[in-house]
Amino acid sequence: MIYDVIIIGAGRTGMAMANQLVDAQKSVLMLDHQTASGGWNQPYWASVSPESMQIKERFSHSERDQRVIFRPNTTAVGLLPARRTEHHTILARHQNGTDEIKAKFVIVASGSFERPRESLQIPGTRPAGIFTGQSLYSFLQRGWIPGNRVALVGLEPYVLAQAKQLTQQGIPIAAQVITGALTIKNSEREHPPTLAGTVQQISGYPRVESIQVKRTDHQEVQIACDTVVFSCGRMPNTLFLKGSGIQKDAHEEALRVDPTAQTSIPGIFALGSCVTGESFLDVTSSVQSICNQITSIQ
Amino acid sequence: MNTFDVIVIGGGIVGTSILRELSKYSMKIALLERAPDVCEGASKANSGIIHTGFDAKPNTLESRLLAESRTLWPDLIESLRIPYLPCGAVMVALNDEEMHTITQQVVPNALANGVDTRLLSKEEVLEMGPYLHEETVGGLWIEGEALVDPFWATRAYAEIATQNGAEVYLSHEVQSIEKKGNGLQVSCKNGNAFLTKWVINAAGLWADEIARMVDDHSFTLTPRKGQFVLTEHEIGLTSIVLPVPNEKSKGILVTPVVFGGTILGPTAEDQTDKRDRSTNEEGLRLVVEGTSKLVPAVKQVQPIRQFAGVRAVCSTGDYVIRPSLACEQMIHVAGIRSTGVSASPGIAKEVERVMSALNALPTPVEGYKINLDDRFVEETKDGEIVCLCRSITKHEINLVLHKQPLPTTLDGIKRRTGAMLGECQGNLCMASIMEMMNSGLNIPVDSICKHEEGSQLVCSAHGVKKREEGELPE
């Protein structure tokens, strides 16, 4: 079977794309590495992007009606662009081996993951207890409590979403360190203690004991904690496209697209945070543009 | 009490290599390691180079064993299936003075050690590595320098030894050694004790402290830290890139990695604390600045990891491989500096010779198993990918869960499979891997450690009680 479109990634962006293509009567195959649709950012939906719930509801509806085929636990490990033939090939790894799946169009919506402490180049020891938002949630989902005194570090919406989840589980928060501009009111900064700044150093071994924070007013403070969670920016998830010929940015991370959301290879599109490196940006115009091109070419 | 013919103290690349060599003899041998896994000391934090020994001081034990190791590596790589990259090394001279050092010091030294080298013109250097600094004036090609995966080598030495009857005791920190009858009693902090005829002291940085346990003060080890930066950025590196050494150090290099990426480092910083493996901003700056003089592109790279290793600098200036003067039943293997991976095959042979001279070796065992099984057979189930960054499957992880020495830590899984070594540093898959360890090894999730004892990742699960209040340093 040759699909009209393969979408890689069943996050908020991929699902929004699928919904539009289903409306346009296209045959769509959706692949995702995870066991269910929703993507890595689902834990942030309630706080950051409530409309994502409706996108998922519509997608699940199409999936039930078999207007879109969703294959979870199936990881795209390679992409062979069309050469002479008119079909692109996706190499998809799953429980029973690797499939070569063909489609007329490929849409990459593989998202991004949070930069780990290592990528942020924070010096110090290398203890247990260092997480990103994504690994924190993977623990909480399983009922695992990562620590007894958690310092949250990163951009405000993500840090606040994490604080909410931890509070619900009764896990004490040592501090919220906001790495960007601080919009929280002064009166609300006491509990949990909230400050603007960057982490200078991590101490403690074999488990984290404290972090050193340089505040925006240049004052340095030591925060005692046994767990640190970083949400300080994203890395586009584009490693699997190595060798495909699709052009990336200077850091070899984010995918390059033209104003119509097409990559350097005709018929292969990309949108969402694998292109921008930022989550929850509005993808409506890219979705529309890709859908228009696909329906007009056929 | 457990009784053995030989106890090896230390599960680094040196201790495990010795364990493998001695498992060829029909005797009872065991290895004791302080950490919950093998390869937790200097063996895990280095550049993975098999040095030819071109720059070693001639006529030392170190240079002799490096030379011997060169002849032993090819068979080992094949039988233990060790990932290997015969990439060679280019030493880059940035001015005439450095070129003078190459022709007047480096080349004659290499010659004295029997290592082939070839002088390169500026054009040849740049042709060999278009990524090298264009202000180079020339260089030296050292064909024989190569790379291995040091994690793999250490684990494989231990694995093949256990398949030949050797025993490995992890989380066994030696506390005291006493004479008992004709042998020695080795007691561990966890309360276990072992009786043995011979002790091999391969405790790395702590070998001097093991020596003190039998009142031997003949050598002292001091820690020297090396900070590294690891990147996955494509530099196009085809060989190891070396600076011209100066009085103080071999310098900071740029090294490809057998399992992908590039390593920059190490620094050389003397310190007092043997356990301090922290990184600092200064070290990272030194590494990037130092290496960008050789390969300008490293200034733009995005590091995926920084780490530090601590190597042992010995008061004697050379390897110490001999029976203790205070206790003939203890054989020291100490002061292995930064050449442990490279010389590990030769060091094991040297220990074999020392023991043979002491009439300590019985007849070789019959039916000795030389080869490790191939792990890369096409899987038919559990083929789904767990580690996204490195494309590691469930099957690959399940496979190592049941191989001795058993991986009981998250870093142990990382070193055996390559999972969690990529860009996300395990943040996307560690919970899934911990679930696999929980069901495959029957370890409760709140007991799973990252590396050392006390590095649990979960403090309570499903209502298991939280750690006591006040246990946290304020």
Side-chain angles (χ1 to χ4, degrees), chain A residues 33 40 73-75 77 93-98 113-119 121-136 138-139 141-149 200-207 209-210 224-227 230 235 237 239-240 242 250-253, chain B residues 230 232-234 275-281 283-284 300 302-307 378-385 388-389 391 393-394 410 422-428 430-432 434-435 445-446 449-463 466-467 469 471-474:
Chain A
H33 166 69
W40 290 317
N73 297 319
T74 305
T75 309
V77 292
R93 195 89 171 80
H94 55 90
Q95 192 179 8
N96 301 315
T98 308
F113 45 83
E114 281 158 323
R115 283 190 189 281
R117 171 257 177 120
E118 286 80 3
S119 171
Q121 301 184 52
I122 299 166
T125 52
R126 307 187 50 77
I130 313 278
F131 292 83
T132 62
Q134 280 154 345
S135 53
L136 170 73
S138 71
F139 273 44
Q141 267 173 356
R142 289 166 169 85
W144 302 350
I145 308 300
N148 291 325
R149 229 178 119 77
Q200 300 289 294
Q201 184 157 323
I202 290 172
S203 306
Y205 194 83
R207 180 85 197 194
E209 289 171 15
S210 69
C225 55
D226 69 355
T227 306
F230 288 101
M235 294 178 96
N237 171 36
L239 274 173
F240 66 102
K242 223 175 202 173
H251 292 298
E252 284 294 308
E253 288 181 353
Chain B
L230 177 66
E232 295 255 315
H233 205 97
E234 287 290 337
R275 286 179 193 267
D276 176 8
R277 291 196 286 216
S278 62
T279 56
N280 56 37
E281 243 170 297
L284 302 179
Q300 274 92 53
Q302 183 71 247
I304 65 163
R305 189 185 182 90
Q306 300 104 47
F307 59 92
E378 182 61 32
E379 58 256 49
T380 49
K381 63 180 177 72
D382 291 340
E384 65 257 47
I385 283 172
L388 195 61
C389 304
S391 293
T393 64
K394 214 170 180 176
L410 213 52
E423 271 79 352
C424 89
Q425 292 287 298
N427 280 289
L428 294 175
M430 71 170 147
S432 307
M434 286 166 68
E435 278 178 335
V445 280
D446 55 358
C449 285
K450 176 172 161 55
H451 34 55
E452 300 272 345
E453 241 138 281
S455 66
Q456 276 84 353
L457 292 135
V458 172
C459 77
S460 71
H462 302 295
K466 284 189 186 180
R467 274 190 280 174
E469 203 62 42
E471 214 176 281
L472 245 151
E474 285 291 332

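Proteins get letters first, then strands, A, B, ... in listed order; numbering begins at 1 in each.
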Of the non-hydrogen atoms in [X] and [Y], which two are nearest, and what is the gap between them?
{"X": "A:H33", "Y": "B:I385", "answer": "CE1-O, 3.0 Å"}
{"X": "B:E423", "Y": "A:L239", "answer": "OE1-CD1, 3.2 Å"}
{"X": "A:P206", "Y": "B:E452", "answer": "CB-CB, 4.1 Å"}
{"X": "A:S135", "Y": "B:N427", "answer": "OG-OD1, 2.6 Å"}
{"X": "B:G454", "Y": "A:R207", "answer": "O-CB, 3.9 Å"}
{"X": "B:S455", "Y": "A:A128", "answer": "O-CB, 3.3 Å"}

From [atom1] ([X]) to [atom2] ([Y]), nearest 0.5 Å:
{"X": "B:Q456", "Y": "A:D226", "atom1": "CD", "atom2": "CG", "answer": "11.5 Å"}
{"X": "A:Q95", "Y": "B:K394", "atom1": "CD", "atom2": "NZ", "answer": "7.0 Å"}
{"X": "A:R126", "Y": "B:Q425", "atom1": "CZ", "atom2": "CD", "answer": "6.5 Å"}
{"X": "A:S119", "Y": "B:E232", "atom1": "OG", "atom2": "CD", "answer": "11.5 Å"}

Quick check for you: among [options], which has the greatest number of heavy-atom pairs under 4.5 Å with chain A?
{"options": "B:L457, B:L410, B:N280", "result": "B:L457"}
{"options": "B:E453, B:R305, B:Q302", "result": "B:R305"}
{"options": "B:R275, B:E281, B:Q300", "result": "B:E281"}

Comparing A:Q200, A:E252, A:E114, A:H251 against chain B, the one with the most heavy-atom pairs below 4.5 Å turns out to be A:H251
Just so I understand: if I count every heavy-atom pair under 4.5 Å between each of A:R117, A:Q134, A:E118 and chain B, which residue has the most? A:E118
Do B:R277 and A:T125 come close enough that some side-chain heavy atom pair is under 4.5 Å? no
Below 4.5 Å from any heavy atom of chain B, which atoms of [X] appear? Answer side chain, backbone, both or neither.
{"X": "A:Y205", "result": "side chain"}
{"X": "A:E253", "result": "side chain"}
{"X": "A:I202", "result": "neither"}

Less than 4.5 Å to any heavy atom of chain A: does that hold for the side chain of [X], its backbone, both, or neither?
{"X": "B:C389", "answer": "both"}
{"X": "B:L428", "answer": "side chain"}
{"X": "B:Q306", "answer": "both"}
{"X": "B:E435", "answer": "both"}

A:F131: partners by ring-ring contact (aromatic ring centres under 6.0 Å, His included), with sequence neighbours left out: A:F139
Contacts of type ring-ring contact (aromatic ring centres under 6.0 Å, His included), residue A:H94, not counting sequence neighbours: none
